[in-house]
Asks: 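Starting off with a structure, shown below.
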Amino acid sequence: MVQVRGDSRFPLRSCKTAVVGKRSTMPPRLRFAPSPSGYLHIGGARTALFNWLYARHTGGTFVVRIEDTDQERSSRESVEAILEGLRWLGLNWDEGPGVGGPYAPYAQSERLASYRERVDWLIAHGHAYRDYTTEAETRAQRVAFAASVGLGPKDDLRRAGFKFKSAWRDKIGNTALPHIVRFRIQAKEDSVGFEDLVVGRVEKAMLDLDDFVLLRNDGFPLYNLACVVDDHGMEISHVVRGQEHLNSTLPQLLLYRAFGWEVPAFAHLPLILGPDREKLSKRRHPEADVMLHRQNGVAPQALLNFLVRIGWSQHDKEIFTRKEMIDAFDFGAVGRANGVWNTEKLASLNQHWMKALPPEELLPSVRAFLEQRREESRRRDPLPLRDEALVIGIRALAPRAKSLVEIASTLVAYFSRGVAISEEARAKHLGPEGIAALRETEAALAASPAWEPELLEGVVETVASGSKRKKGGIAQPLRVAVTGGTVSPGIGDTLAILGRGEALRRIREAMDNRAAP
RNA sequence: GGCCCUAUCGUCUAGUGGCCCAGGACGCUGGCCUUUCACGCCGGUAACGGGGGUUCGAAUCCCCCUAGGGUCACCA
């Protein structure tokens with residue numbers, strides 16, 4: 001069940017099994033644990049995706065847990081924004097906000113008592129100590145260190161080797177004074193390490209670890225503590241997260257060990273870098289916002305396909321439906337090198353999925369974009385947005401557009417009364433010859449029993465062969481008359497989107513206005 | 001700077017010692033198709049970071065260097 005990389009390639013890594021004990025025989029439990037301090041980040045979405053894929057692949061459980069222990073940064077709006085992003089992507093969760101579950105509550109701010117209880121246990125057993133050092137004293141220590149190495153207090157002191165030492169490490173404090181709680185690193189062991197499902201063996205010398213803080217002086221837990229307590233409490237079997245958390249896994253391991261808890265399997269995913277090769281960040285990279293892509297008209301399926309292929313592959317396969325991703329997913333095929341964001345590839349995948357997905361599936365978002373565009377452009381005589389016409393439009397425009405927004409923008413002009421004809425196009429295609437062609441075609445079109453793409457295409461061809469003209473001799477004047485320009489989908493589709501009434505109207509109008517100055 | 005991780009076309013990647021003078025996709029590009037614009041189809045361009053080993057044989061295993069990224073909070 002737990003995948004470990006092949007023995008031949010990682011001989012040393014096969015010595016240990018990532019998961020031992022009864023949990024490894026039960027269906028996996030995975031979690032996505034975002035901190036609600038903004039929108040759903042693209043890296044978070046990828047992490048959520050991989051967790052979700054593995055859970056769905058194995059028939060396990062996908063949990064969403066909100067890590068809102070930082071009161072200042074967390075907000076309800078962010079929780080909602082993140083959940084909305086997940087819903088948009090179709091990453092449904094089995095336990096978590098909104099759906100509940102046997103391990104509720106799923107927000108850390110509602111689980112404070114359990115962290116304090118665990119911390120008390122650690123203190124009682126010598127694994128942690130109360131530290132009464134105030135923030136002012138910590139600051140003073142920094143200033144003193146800075147002075148000793150000739151740096152200013154604002155310089156990065158860690159670079160110069162600054163290490164905070166607590167005077168309380170070996171004392172027993174038990175007063176009511178505000179204090180933090182630190183984990184006591186035991187120097188006895190020389191190193192801690194674990195087997196990562198994607199990275200392999202990760203090891204760190206104990207000396208490189210500090211007595212990390214477990215509890216703040218306001219009683220709120222810090223990441224390492226809350227994460228471990230909840231992952232254990234919620235019986236998470238696989239911790240799948242970004243490689244930025246690789247280092248914090250070591251102190252967390254110490255916590256598992258102190259508690260005597262079974263350690264979950266870990267999988268640290270490579271990071272997604274911006275075009276500047278730095279970790280995709282909200283501040284510097286607008287593309288880090290998942291919802292921006294929704295606004296830009298990217299289909300969720302396309303974004304999913306794009307994300308799954310950063311850091312994961314299945315031979316030469318590039319296109320994945322959800323089912324295909326789920327069926328093929330496995331941590332053994334996750335790469336270890338960071339990937340760079342590639343807008344062109346996303347666009348190309350988006351175009352692929354706009355063509356491949358049933359138009360009906362795209363319809364709601366195209367309609368929404370269309371209504372929005374129409375509002376903005378304040379077209380005077382809007383025509384009703386009929387589903388059948390929209391479906392034809394989406395099918396016809398998908399191969400010609402880079403996004404759903406582009407489809408919608410193009411369609412706006414099809415759903416209002418009348419059209420302004422470009423003078424250049426009129427000069428080129430609506431001369432006496434063009435008008436004559438229009439006249440013949442108009443009559444044939446008006447006589448058409450039905451108004452469907454293939455049928456209309458046929459009518460144009462019939463008129464063309466009947467009048468010994470090339471198809472273009474008919475289609476281009478028609479296109480200009482009906483769209484105002486020389487570029488549009490196939491003429492049958494173009495007429496069909498407009499509908500009989502509006503198409504004929506525009507043709508007649510073009511014939512009448514030929515003499516206009 | 002300490003520590004951790006990583007290293008194949010510009011980008012995402014295939015590759016688990018011989019099938020690789022390295023395959024696919026995006027991009028760029030030549031052509032075909034065509035009523036316009038696209039789509040599509042056929043072709044081209046372009047990479048194993050450097051140096052040492054191990055081996056009959058290395059993109060693949062080992063070491064060093066270099067480069068890149070991450071992390072070092074009373075954030076997560």
Side-chain angles (χ1 to χ4, degrees), chain A residues 5-11 33-35 37 67-70 72-74 131 133-135 138 156 158-164 178-182 196 199-200 202-205 207-210 212-218 220 222-224 226-227 241-250 268 270-271 273 275 277-279 306 309-319 335-349 351 355 396-401 425 429 457 460-461 464 469-480 483 485-491 494:
Chain A
R5 283 174 180 269
D7 290 4
S8 57
R9 187 167 166 193
F10 302 99
S35 154
S37 57
E67 307 223 325
D68 56 351
T69 54
D70 185 337
E72 292 188 9
R73 298 190 196 195
S74 302
D131 183 347
T133 312
T134 63
E135 290 188 72
T138 306
D156 190 344
R158 282 179 228 92
R159 283 190 164 216
F162 175 77
K163 271 199 157 192
F164 181 77
H179 59 274
I180 60 176
V181 178
R182 286 182 187 271
D196 191 275
V199 177
V202 177
E203 200 132 18
K204 195 159 183 143
L207 288 174
D208 292 323
L209 261 18
D210 288 326
F212 55 94
V213 179
L214 300 170
L215 224 50
R216 302 178 8 158
N217 67 5
D218 62 4
F220 276 76
L222 249 39
Y223 174 63
N224 284 138
C227 182
R241 73 231 307 191
Q243 274 186 25
E244 73 266 27
H245 290 111
L246 199 50
N247 283 300
S248 56
T249 307
L250 286 321
H268 286 90
L271 268 18
L273 272 24
R277 307 292 143 104
E278 286 187 42
K279 187 172 79 162
F306 175 74
R309 285 285 292 102
I310 298 185
W312 180 79
S313 61
Q314 192 66 13
H315 308 293
D316 283 347
K317 195 168 164 61
E318 298 283 350
I319 303 297
R336 286 166 289 180
N338 296 337
V340 177
W341 180 267
N342 184 343
T343 303
E344 281 81 31
K345 190 120 181 178
L346 209 212
S348 133
L349 249 11
Q351 189 167 46
K355 285 182 297 185
L397 256 13
R400 287 160 234 264
H429 295 286
E457 192 83 31
V460 170
E461 274 161 19
R469 276 184 250 257
K470 284 185 188 169
K471 196 177 177 188
I474 301 289
Q476 278 307 82
L478 207 47
R479 192 183 318 277
V480 171
T483 68
T486 55
V487 173
S488 87
I491 197 65
T494 302

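Small disclaimer: the values here were computed from a predicted structure and weren't measured. Reminder, nothing fancy here: chain letters follow the sequence lines and each chain counts from 1.
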Asks: Which value, in whole Å, describes the distance between the P atoms of nucleotides B:G10 and B:C4?
Replies: 31 Å
Asks: Partners of A:Lys471 by salt bridge (charged side-chain N to carboxylate O under 4.0 Å, His left out), sequence neighbours excluded?
Replies: A:Glu457, A:Glu461
Asks: Can you name the nearest heavy-atom pair linking A:Val199 to A:Val202, along with the distance?
Replies: CG1-CG2, 3.9 Å
Asks: Just call it for A:His268: base, sugar-phosphate, or nothing, with non-hydrogen atoms closer than 4.0 Å on any strand.
Replies: nothing
Asks: Using a cut-off of less than 4.0 Å, is there contact between a side-chain N or O of A:Thr69 and OP1 or OP2 of B:C75?
Replies: no
Asks: In this structure, how many angstroms lie between the P atom of B:C74 and the CG atom of A:Asp218, rounded?
Replies: 12 Å
Asks: Under 4.0 angstrom, heavy atoms only, what part of the nucleic acid is A:Thr134 near: base, sugar-phosphate, or nothing?
Replies: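 Base: the residue A:Thr134, judged by heavy atoms under 4.0 Å, touches a nucleobase.
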Asks: Would you measure the distance from the P atom in B:C32 across to the matching atom in B:A38 and give it in whole Å?
Replies: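 Each nucleotide's P atom is 15 Å from the other's.
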Asks: Partners of A:Thr249 by side-chain contact (heavy atoms from CB on, under 4.5 Å), sequence neighbours excluded?
Replies: A:Phe194, A:Arg241, A:Phe266, A:His268
Asks: Got a sec, which residues hit side chain to side chain donor-acceptor pair (under 3.5 Å) with A:Asp68, two or more places apart in sequence or on another chain?
Replies: A:Ser109
Asks: Checking A:Phe212 now: which residues fulfil ring-ring contact (aromatic ring centres under 6.0 Å, His included) with it, not counting sequence neighbours?
Replies: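 Per chain and number, A:Phe212 pairs via ring-ring contact (aromatic ring centres under 6.0 Å, His included) with A:Phe183.
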Asks: Which value, in whole Å, describes the distance between the P atoms of nucleotides B:A25 and B:C41?
Replies: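 Nearest-Å result for B:A25 against B:C41 at atom P: 10 Å.
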Asks: If the condition is salt bridge (charged side-chain N to carboxylate O under 4.0 Å, His left out), which residues does A:Asp208 pass it with, not counting sequence neighbours?
Replies: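 With sequence neighbours excluded, A:Asp208 shows a salt bridge (charged side-chain N to carboxylate O under 4.0 Å, His left out) to no residue whatsoever.
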Asks: With rounding to whole Å, what would you report as the distance between B:U8 and B:G49 at their C1' atoms?
Replies: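 To the nearest whole Å, 10 Å.
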Asks: Please state the C1' separation for the pair B:G2 and B:A22 - nearest whole angstrom.
Replies: 39 Å
Asks: Just to verify, what does A:Arg277 make a salt bridge (charged side-chain N to carboxylate O under 4.0 Å, His left out) with, not counting sequence neighbours?
Replies: none
Asks: Distance between the C1' atoms of B:G51 and B:C5, in whole angstroms?
Replies: 23 Å
Asks: For B:C26, does the O4'-C1'-N9-C4 or O4'-C1'-N1-C2 angle fall within 90° of 0, making it syn, or is it anti?
Replies: anti
Asks: NA contact type, A:Leu271, heavy-atom cut-off 4.0 Å: base, sugar-phosphate, or nothing?
Replies: sugar-phosphate
Asks: Could you pull out all residues at least two apart from A:Arg469 that satisfy salt bridge (charged side-chain N to carboxylate O under 4.0 Å, His left out)?
Replies: A:Glu433, A:Glu440
Asks: Base, sugar-phosphate, or nothing: which does A:Thr133 touch, judged by heavy atoms less than 4.0 Å apart?
Replies: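 Touches a base.
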Asks: Can you find a side-chain donor-acceptor pair between A:Ser488 and A:Thr483 that sits under 3.5 Å?
Replies: no
Asks: So which one's nearest nucleotide on RNA chain B is more toward 5', A:Lys204 or A:Glu278?
Replies: A:Lys204
Asks: Can you check the A:Glu244 CD to B:C75 P distance for me, whole Å?
Replies: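 So the two atoms are 18 Å apart, to the nearest Å.
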Asks: Where along nucleotides 8-15 of chain B does protein come under 4.0 Å, by heavy atom, of base (B) or sugar-phosphate alone (S), with - for untouched nucleotides?
Replies: ---BBSS-
Asks: For nucleotides 29-47 of chain B, read 5' to 3', which letter fits each nucleotide if B means a protein heavy atom sits under 4.0 Å from the base, S means only the sugar-phosphate is that close, and - means neither?
Replies: ------BBBBSS-------
Asks: Using a 4.0 Å heavy-atom cut-off across all strands, classify A:Asp208 as base, sugar-phosphate, or nothing.
Replies: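 Sugar-phosphate only.
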Asks: So if I take every side-chain heavy atom of A:Arg216 and compare against B:G69, B:C75, B:C4, which nucleotide ends up nearest?
Replies: B:C75
